[in-house]
Amino acid sequence: MTVDLSVDVAGVRLPTPVMAASGCFGFGRELSGFVDLAGLGAVVTKSVSLEPRRGRPTPRMAETPSGMLNAIGLQNPGVEAYCERELPFLADAGARVVTSIVGHTPAEFAQVAARLAREDAVDLLEVNLSCPNVDHRGEVFATSPEAATEVIAAVKAVAGQPVLAKLTADVTDIVAVARAVVEAGADGLVCINTLLGMAVDVRARRPKLAAVTGGLSGPAIRPVAVRCTWQVATALPEVPVIGTGGITTAEDAAEFLLAGATAVAVGTGNFADPEATTAVTTGLRELLAAGGLGSVPELTATFKGGA
Ligand SMILES: Cc1cc2nc3c(=O)[nH]c(=O)nc-3n(C[C@H](O)[C@H](O)[C@H](O)COP(=O)(O)O)c2cc1C
């Protein structure tokens with residue numbers, strides 16, 4: 001049977017619902033030898049800031065059970081170099097491009113979005129709200145509905161592309177933040193960024209990461225990410241949700257789609273297997289065909305959950 005994997009995310013048609021998650025695929029160049037970038041739903045880029053950033057000191061990664069901790073610190077070449085050097089590569093490869101943006105203040109997020117508004121090769125913006133707000137004692141934007149609203153409103157005022165807001169599960173009520181950013185104009189939501197974690201090297205008697213704490217990702221966080229996706233998609237059924245957290249197989253991806261996601265993104269899975277996005281896409285096509293389902297919405301409609 002023919003399976004149509006294409007999905008619509010905030011008015012942008014993607015050939016498949018399987019994207020590469022931010023920070024786990026660089027700017028596509030490194031992985032292009034393994035994956036046909038045009039065959040992906042989209043490439044979500046490493047988060048891009050106004051000025052170049054060098055990132056955090058090493059060690060920046062530590063393996064943990066069924067996952068990993070990272071404190072890379074948003075290393076990137078800055079928006080100008082991104083537009084000059086990285087974006088043309090992605091465009092030439094025929095990829096749909098979701099540019100992840102980051103800033104120290106709402107105004108800085110807006111400056112990055114305004115620069116990207118001139119770039120036709122960018123299909124969507126993803127706003128990385130999991131970073132400290134320098135105006136508010138380093139409070140992470142995504143943990144406050146008010147701070148997240150300020151960023152999304154500032155970005156929407158200048159954006160040339162639809163805007164996705166990336167949420168964190170490190171909050172008591174993720175739906176409250178989701179509602180706030182949608183009211184501020186977000187066209188879609190991404191659930192979830194890494195969870196804040198820490199690991200200690202008992203022999204050396206110090207934290208495994210130089211930054212002490214870091215973001216936990218991989219299969220260890222999948223049930224949390226699926227729960228967030230389900231809560232947000234149920235509360236805001238009109239808003240597309242991109243599910244991400246611990247996806248390594250087609251079944252993992254289907255979990256998110258059944259829980260209400262419109263599309264998914266594979267992050268840490270790319271480190272273990274650079275062809276993970278292709279394997280998930282192929283497997284999803286087979287999974288749908290085996291269930292007699294012709295499209296992703298047909299799969300989503302079969303979900304028997306509820307509360
Ligand atoms: C090494 C690494 C770097 C990341 N960098 C970013 C980033 O720059 N911006 C962002 O929004 N998310 C970043 N993330 C978070 C991922 O995009 C994703 O939301 C999270 O890791 C959960 O998915 P996963 O379990 O499939 O990795 C990063 C994750 C990892 C592991």
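Counting convention: from 1, in listed order, for ligands and their atoms alike. This structure is a prediction, so every number in the text was calculated from the model and none was measured.
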Asks: For ligand 1 and N70, I'd like to know whether there is a polar contact (N/O to N/O, distance under 3.5 Å).
Replies: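 N/O-N/O distance below 3.5 Å does not exist for this pair.
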Asks: Please compare L195, L167, T244, T248 and report which has the shortest non-hydrogen distance to atom 23 (O) of ligand 1.
Replies: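 Residue with the shortest heavy-atom distance to the ligand atom: T244.
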Asks: Please check this pair: side chain of S49 against backbone of E51, looking for a donor-acceptor N/O pair closer than 3.5 Å.
Replies: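 Yes, the answer is positive, given that a donor and an acceptor are paired below the 3.5 Å cut-off.
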Asks: With respect to atom 22 (C) of ligand 1, which of G67, G245, G267 exhibits the smallest heavy-atom separation?
Replies: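 Closest candidate by heavy-atom distance is G245.
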Asks: Mark yes or no for whether R206, through its side chain, and D201, through its backbone, hold a donor-acceptor pair below 3.5 Å.
Replies: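 It does not hold such a pair.
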Asks: May I ask you to check whether R227 and Q231 show a side-chain donor-acceptor distance below 3.5 Å?
Replies: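 Yes, side-chain donor-acceptor contact under 3.5 Å.
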Asks: Ignoring hydrogens, just give me the one of S47, G218, C191 whose non-hydrogen atom is nearest atom 9 (N) of ligand 1.
Replies: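 The nearest heavy atom belongs to S47.
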Asks: Are any of the heavy atoms in C24 under 4.0 Å away from ligand 1?
Replies: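 Contact present.
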Asks: Hey, does E126 come in under 3.5 Å of ligand 1, counting only N/O atoms on both sides?
Replies: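 No: no nitrogen or oxygen of E126 is under 3.5 Å from one in ligand 1.
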Asks: Around atom 18 (C) of ligand 1, find the nearest protein heavy atom and jot down its residue, atom name and distance.
Replies: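 Of every protein heavy atom, K166 NZ, 3.7 Å lies nearest to atom 18 (C) of ligand 1.
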Asks: Give a yes or no on whether the backbone of N270 and the side-chain of D273 come within a donor-acceptor separation of less than 3.5 Å.
Replies: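 No, because the side chain of D273 does not come within donor-acceptor range (under 3.5 Å) of the backbone of N270.
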Asks: Considering only protein heavy atoms, which is closest to atom 20 (C) of ligand 1, and at what distance to one decimal place?
Replies: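 Minimum-distance protein heavy atom for atom 20 (C) of ligand 1 reads T194 CG2, 3.8 Å.
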Asks: Report the nearest protein non-hydrogen atom to atom 15 (C) of ligand 1: residue, atom name, distance rounded to 0.1 Å.
Replies: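 It is N193 OD1, 3.3 Å.
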Asks: With heavy atoms of T268 as the reference, note each atom of ligand 1 found under 4.0 Å away.
Replies: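 Contacts of ligand 1 toward T268, numbered from 1: 24 (P), 25 (O), 26 (O), 27 (O), 31 (C).
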Asks: Hydrophobic clusters here meaning ILVMFWY residues chained together by side-chain heavy-atom distances under 4.5 Å, can you tell me if L125 and V112 are in one?
Replies: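 Yes; tracing contacts between hydrophobic side chains, which count when under 4.5 Å, links both residues.
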Asks: With distance as the sole test, does S22 use its side chain to make a donor-acceptor pair with the main-chain N or O of T45 at under 3.5 Å?
Replies: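 The answer is yes, because a donor-acceptor pair under 3.5 Å joins these two groups.
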Asks: So for I192, does at least one of its heavy atoms come nearer than 4.0 angstrom to any atom of ligand 1?
Replies: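 Heavy atoms of I192 do come under 4.0 Å of ligand 1.
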Asks: Mind checking whether F141 and F109 have parallel, tilted or perpendicular rings, split at 30° and 60°?
Replies: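 Geometry flag for F109 against F141: perpendicular rings.
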Asks: Can any side-chain N or O of D170 pair as donor or acceptor with the backbone N or O of L196 at less than 3.5 Å?
Replies: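 Indeed, once roles are kept as given, a pair shorter than 3.5 Å links the two residues.
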Asks: Minimum heavy-atom separation for R13 and D8, please, with both atom names.
Replies: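 Of all heavy-atom pairs spanning R13 and D8, the closest is NH1-CB, 3.3 Å.
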Asks: Below the 3.5 angstrom mark, is there an N/O of K46, backbone or side chain, next to an N/O of ligand 1?
Replies: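 Yes.
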Asks: Regarding atom 13 (C) of ligand 1: of the candidates S22, S217, A21, G23, which has the closest heavy atom?
Replies: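 It is S22 whose heavy atom sits nearest to atom 13 (C) of ligand 1.
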